[in-house]
Amino acid sequence: MEKKKPVSQKKPTEYSFFADVFDVVRQIPKGRVTSYGAIASYLGTKLSARMVGWAMNAAHSVKPKVPAHRVVNRNGMLSGKAHFVPPSLMEEILLKEKVVVKNDVIVDFKNHFWDPAIELTLE
DNA sequence: GCATTGACGAAGG
DNA sequence: CCCTTCGCCAATG
């Protein structure tokens, strides 16, 4: 059995879109959240926000666990919470991060929003 | 190899 | 305001 099999197993050391997503997500500070589109836009694939979601799908298979719980859709809704184990884990972690979640939606989402295209640009 | 799906997003009705 | 359609790219059937 293989240890880890990324979606695109072209080459382990090959530059992958997924790696970029993971790298950005890991840089998300606590108490902050971002959207798939924001990450995609930062990577230049803003038209393909879905791919970011796909990367998240593999995120749990990646070594340094990616805080996918800090990534939500542009509505601030925990669209991917169903992919966590248990599904309620996502909002629980966010709550620990001082991020209030109500009705599967982050309260004051824009206030917690963390845009890599801005934060990482200012450095 | 074509058709469907998907943790999205924006636009249209 | 709610629902539908299109676009994007990759994976899966």
Side-chain angles (χ1 to χ4, degrees):
Chain A
M1 62 193 197
E2 50 283 288
K3 353 173 35 157
K4 57 176 164 66
K5 174 90 62 172
V7 189
S8 53
Q9 63 287 47
K10 189 182 295 179
K11 271 202 293 188
T13 52
E14 187 60 80
Y15 180 83
S16 298
F17 170 79
F18 295 60
D20 261 8
V21 177
F22 301 147
D23 187 45
V24 174
V25 175
R26 282 192 216 114
Q27 294 178 71
I28 302 176
K30 289 189 171 187
R32 297 283 184 164
V33 287
T34 190
S35 62
Y36 304 95
I39 298 172
S41 181
Y42 175 70
L43 298 177
T45 59
K46 57 180 180 183
L47 298 179
S48 306
R50 295 176 146 181
M51 298 299 91
V52 179
W54 258 110
M56 296 286 95
N57 205 351
H60 75 97
S61 300
V62 135
K63 270 196 290 152
K65 208 129 172 234
V66 179
H69 58 268
R70 297 186 189 146
V71 183
V72 294
N73 65 5
R74 94 101 195 156
N75 287 310
M77 179 172 159
L78 283 55
S79 46
K81 71 158 194 169
H83 293 254
F84 282 78
V85 268
S88 53
L89 179 65
M90 186 173 186
E91 53 184 278
E92 283 188 40
I93 297 176
L94 287 171
L95 193 58
K96 292 180 180 186
E97 306 276 314
K98 307 302 185 200
V99 179
V100 183
V101 177
K102 182 148 195 162
N103 195 20
D104 296 342
V105 181
I106 297 177
V107 179
D108 204 355
F109 171 62
K110 58 180 195 243
N111 190 29
H112 294 288
F113 189 65
W114 181 86
D115 192 338
I118 298 175
E119 306 297 316
L120 296 181
T121 299
L122 296 176
E123 194 160 0

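Lettering follows sequence order; numbering is per chain, from 1. These numbers come from a predicted model, not from an experiment.
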> Contact class for A/Thr45 vs. all strands (heavy atom < 4.0 Å): base, sugar-phosphate, or nothing?
Replying inline: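 Nothing, no heavy atom under 4.0 Å.
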> With a non-hydrogen cut-off below 4.0 angstrom, is A/Ala40 in contact with a base, only sugar-phosphate, or nothing?
Replying inline: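 Nothing, no nucleic acid heavy atom in range.
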> Would a 4.5 Å heavy-atom cut-off, applied to side chains only, mark A/Phe17 and A/Val52 as touching?
Replying inline: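 The answer is yes, as the side chains (C-beta and beyond) meet within the 4.5 Å cut-off.
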> Is A/Asn57 close to A/Phe18 at the side-chain level, that is, under 4.5 Å between some pair of heavy atoms?
Replying inline: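 They are not in side-chain contact.
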Rounded to the nearest Å, what distance is computed from the [atom1] atom of residue [X] to the [atom2] atom of nucleotide [N]?
X	N	atom1	atom2	value
A/Asn75	B/dA11	CG	P	14 Å
A/Arg74	C/dC8	CZ	C1'	18 Å
A/Tyr42	B/dG9	OH	P	18 Å
A/Leu43	B/dG9	CG	P	14 Å
A/Lys46	B/dA11	NZ	P	11 Å
A/Asn57	C/dA10	CG	P	15 Å
A/Ile93	B/dA7	CD1	C1'	15 Å
A/Ile39	C/dC8	CD1	C1'	16 Å

With [atom1] as the reference atom in both, quote the distance from [N] to [M] in angstrom, rounded to an integer.
N	M	atom1	answer
B/dA7	C/dC2	C1'	22 Å
C/dC8	B/dG1	P	22 Å
B/dC8	C/dC1	P	22 Å

Picking from [options], which would you name as closest to the side chain of [X]?
X	options	value
A/Met56	B/dG9, C/dG7, B/dA7	B/dA7
A/Ser79	C/dC8, B/dG9, B/dA7	B/dA7
A/Met51	B/dC8, C/dC9, C/dC8	C/dC9
A/Ala68	C/dA10, B/dC8, B/dA7	B/dA7
A/Trp54	B/dC8, B/dA7, C/dA10	C/dA10

> What closest approach, in Å, do A/Phe109 and A/Val72 show between heavy atoms, and which atom pair accounts for it?
Replying inline: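 Scanning both residues completely, I find the closest heavy atoms to be CE1-CG2, 3.4 Å.
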>> For A/Val100 versus A/Leu95, what's the shortest heavy-atom pair and its separation?
In response: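 Taking every non-hydrogen atom into account, CA-CD1, 4.3 Å.
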> C/dG7 base to A/Arg50 side chain: any donor-acceptor pair below 3.5 Å?
Replying inline: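 Such a pair exists between side chain and base.
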>> Exactly one of A/Ile39, A/Asp20, A/Thr34 should register a side-chain contact (heavy atoms from CB on, under 4.5 Å) with A/Val25. Which one does?
In response: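 Of the listed options, the one satisfying the test is A/Ile39.
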> Reckon A/Ser48 has a side-chain N or O less than 4.0 Å from the OP1 or OP2 of C/dG7?
Replying inline: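 No.
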